[in-house]
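See structure below.
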Amino acid sequence: MHAVALFLSAFLLFLVEPLVGKRLLPWFGGAPAVWTTCLFFFQALLLAGYAFAHGVARLRPRQQVIAYVALLVATALQVPVAIGDRWKPVPAGDPTFRILEILLLTIGAPYLLLSATTPLMQRWASRDARVAAPYSLYAVSNAGALLALLTYPFLWEPKLTLDTQMTVWSATFAVFAVIAVALAYSHRHGDRHGAEVAEHHESAREVRRADRILWVGLAACASGLLAATTSEMCLDISSVPFLWVLPLGLYLLTFVLAFANVYHRNTVAVFFAASAAAACFVTQRGPGMAISWQIAAASLSLFFGAWLCHGELVRRTPHASRLTEFYLLLATGGATGTLMSLAAPLMFRGFWEFPLFLFLTAVLFLAATMSAPASRSERWVANGTILMAPVMVIVLLVWPGPGQAEKPVADARNFYGVLHVADDVPPEAPMLRRLRNGRILHGVQFLDPARRMQPSSYYGARSGIDRALRAHPKRIAGEPMRLAVIGLGTGSMAAWADAGDHMTFYEINPQVVDFAKRFFTYLKDTPAATEIIPDRKSTRLNSS
């Protein structure tokens with residue numbers, strides 16, 4: 001019964017994540033940082049749920065049941081889950097806090113309850129003589145989460161509308177609530193095994209401060225590596241729908257393996273060192289490597305890094321009397337790691353959090369090995385793993401990369417990604433200025449003043465837009481046109497506008513608007529009137 005409740009609660013927990021993510025992503029330009037923000041919210045609510053469970057576990061059995069059922073009843077007020085268009089914001093600047101507000105007011109209570117269920121049910125299970133290993137139930141819980149995550153893009157998303165998905169989720173939550181109440185009611189008096197656990201609690205070995213620090217640190221490294229890998233894959237490598245499912249699925253799989261006691265320290269450490277070095281090499285080589293190789297390298301380094309962290313966590317699980325404390329600190333680390341990744345745009349000008357978390361994972365693995373009894377071979381492997389850190393730095397910073405020589409002009413990072421402006425270096429001709437978002441080209445312009453307004457890149461001669469405009473009845477008749485463009489880039493579409501035309505650009509990233517005005521001249525040189533939405537202050541940049 002405990003396994004069923006835990007499996008179902010985790011299934012619902014991780015089914016609502018892609019469900020609300022799908023609703024929010026289009027509202028904020030589909031940026032991977034939207035998912036990172038959602039991930040931080042989920043980690044923070046997970047921490048709050050685990051804190052609730054830890055506090056409730058200190059009460060008497062009847063009081064525990066009352067507190068849990070009271071939270072469940074309060075949660076019912078926020079079900080069915082619905083995120084309608086009334087929540088849709090007007091994009092302006094960094095939307096992080098708006099996303100968090102929407103999530104808190106729409107799914108905050110259900111997520112808190114489902115989060116609290118995992119440690120609290122395991123604590124109750126530890127008092128049941130029929131449950132031999134309560135920590136193994138965490139593997140069952142994560143198996144439910146993994147099932148929800150993997151079935152969403154292949155079953156839920158293509159078969160059901162978003163409103164129907166929310167309705168089905170709410171109905172399934174009602175079924176879970178009935179099971180949870182029944183299970184809670186069965187523990188209202190405790191049981192015969194409870195006295196034995198309480199007696200053991202008094203003699204249980206005191207948990208060392210070093211162990212608590214490692215619980216937080218290892219969990220933070222794993223979750224930070226997840227968030228960093230997701231950003232690296234979805235923004236710096238390729239924008240593929242549901243690509244974020246891959247890193248999150250691998251992360252959950254490592255939980256299942258570790259808590260099912262499938263972990264061999266030396267083997268996982270060696271594979272982590274090799275995959276981390278490969279990921280750094282592939283990252284440094286950049287566009288010169290096939291996308292499949294880049295995704296594979298990032299995925300493997302995440303998988304073995306998270307497996308290493310979670311495996312070391314399981315080796316340090318305390319007695320069941322301290323189960324809720326263990327999960328509380330695990331969730332604290334998870335939220336901390338995701339918060340560090342979320343703050344990366346404020347700290348770094350590039351995607352440096354990915355190699356940073358690889359490095360921290362190696363350091364913490366060495367600390368974990370040194371803080372507890374380990375064989376000689378395990379110490380050799382730990383030392384070898386940490387020695388990979390300077391190798392990573394050399395590969396990333398010193399090893400020359402491929403590609404044509406460029407002169408950096410400007411770079412910046414915000415919620416939506418990393419922007420780079422660079423010029424060709426002579427003697428190449430004709431010389432171009434390029435704008436990239438990560439590794440994706442977002443437009444170019446000739447540096448020769450005589451050719452600055454010549455359409456180029458995706459919008460050059462004989463391109464689709466060239467043919468469409470030439471064939472348009474108004475252009476043939478010489479009449480002015482009103483054109484709308486989704487995405488500003490360098491503003492190169494303005495090169496196709498004629499005098500009397502009105503061109504409206506829709507751009508969600510204010511940094512793109514700033515770079516297009518400062519480092520490119522399409523908007524300034526075009527004879528048409530231009531407008532940028534939502535940057536309405538730039539309306540009618542040219543009125544000729």
Side-chain angles (χ1 to χ4, degrees), residues 29 31 91-92 239 404 406-414 416-426 428-472 474-475 478-544:
S239 288
Q404 76 177 23
E406 291 182 335
K407 175 186 176 183
V409 175
D411 61 84
R413 183 176 182 184
N414 64 4
Y416 297 99
V418 179
L419 293 180
H420 300 280
V421 178
D423 294 344
D424 290 344
V425 174
E428 297 202 15
M431 291 179 62
L432 297 169
R433 172 168 290 181
R434 293 175 170 82
L435 172 66
R436 288 191 177 90
N437 189 346
R439 302 178 192 176
I440 301 171
L441 185 66
H442 274 242
V444 302
Q445 185 175 30
F446 290 102
L447 293 178
D448 181 357
R451 303 182 66 183
R452 285 194 315 196
M453 285 303 288
Q454 179 178 327
S456 57
S457 66
Y458 311 113
Y459 310 120
R462 295 186 296 277
S463 63
I465 191 64
D466 178 16
R467 298 180 181 183
L469 289 177
R470 290 181 186 279
H472 196 280
K474 285 195 173 183
R475 185 65 87 219
E479 299 176 6
M481 298 180 64
R482 297 185 66 87
L483 304 169
V485 182
I486 299 177
L488 175 63
T490 60
S492 55
M493 273 292 292
W496 288 104
D498 290 341
D501 290 346
H502 185 282
M503 182 167 284
T504 302
F505 293 92
Y506 293 85
E507 176 55 58
I508 197 171
N509 187 347
Q511 193 67 61
V512 170
V513 177
D514 178 55
F515 273 28
K517 293 177 181 178
R518 289 170 56 196
F519 303 111
F520 299 88
T521 65
Y522 289 116
L523 296 176
K524 182 178 68 174
D525 293 342
T526 181
T530 59
E531 178 182 8
I532 303 175
I533 298 176
D535 184 32
R536 295 184 182 276
K537 64 174 180 275
S538 61
T539 300
R540 299 189 66 81
L541 293 172
N542 298 281
S543 57
S544 56

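Being a predicted model, the structure only gives us computed values, none of them experimental.
- Shown here is Arg451, whose CZ atom has more than 12 heavy atoms of other residues, nucleotides or ligands within 6.0 Å.
- Residues Phe446 and Leu432 have side chains in contact (heavy-atom distance under 4.5 Å, counting atoms from C-beta outward).
- Annotation: side chain of Met481 is in contact with side chain of Leu469 (closest heavy-atom distance under 4.5 Å).
- Here the CG-CD1 distance, from Leu488 to Ile533, works out to 12.0 Å after rounding to the nearest 0.5 Å.
- When all heavy atoms of Pro480 and Gly500 are compared, the pair lying nearest together is CB-O, 3.2 Å.
- No option in Lys407, Arg434, Arg433 other than Arg433 meets the side chain to side chain donor-acceptor pair (under 3.5 Å) test with Asp423.
- Around atom OH of Tyr506, no more than 12 heavy atoms belonging to other residues, nucleotides or ligands sit under 6.0 Å away.
- For the pair Gly489 and Glu507, the tightest heavy-atom approach, listed with the atom from each and the gap, is N-OE1, 4.1 Å.
- Considering all non-hydrogen atoms of both residues, Ser456 and Tyr522 come closest at OG-OH, 3.4 Å.
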Decide yes or no on side chain to side chain contact (heavy atoms under 4.5 Å, CB included) for Val512 and His442, but give the supporting numbers first. CA-CA 10 Å; Val512 170; His442 274 242; 5.8 Å; no
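- The shortest distance between side-chain heavy atoms of Lys517 and Ile532 falls below 4.5 Å.
- Distance OG/Ser492 to CZ/Arg452: 14.5 Å, rounded to 0.5 Å.
- Checking each of Thr490, Leu419, Val409 against Phe515 for a side-chain contact (heavy atoms from CB on, under 4.5 Å) leaves exactly one that passes, namely Leu419.
- Scanning both residues, Asp411 and His420, for their nearest heavy atoms gives CB-ND1, 3.6 Å.
- The residue from Arg475, Glu479, Lys474 that alone fulfils the side-chain contact (heavy atoms from CB on, under 4.5 Å) condition with Asp501 is Arg475.
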Output, in order, the C-alpha distance, side-chain angles, deciding distance and verdict of side chain to side chain contact (heavy atoms under 4.5 Å, CB included) for Leu435 and Phe519. CA-CA 9 Å; Leu435 172 66; Phe519 303 111; over 6 Å; no
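- Once rounded to the nearest 0.5 Å, the distance linking CG of Leu447 with OG1 of Thr521 reads 9.5 Å.
- Taking all atoms of both residues into account, the shortest heavy-atom contact from Pro527 to Ala497 is CG-O, 3.7 Å.
- A distance-only check finds no donor-acceptor pair linking the side chain of Gln445 to the backbone of Phe520 [under 3.5 Å].
- Considering only heavy atoms from C-beta on, Met503 stays 4.5 Å or farther from Thr526 through its side chain.
- Phe505 is listed as a side-chain neighbour of Leu523, based on a closest heavy-atom distance under 4.5 Å.
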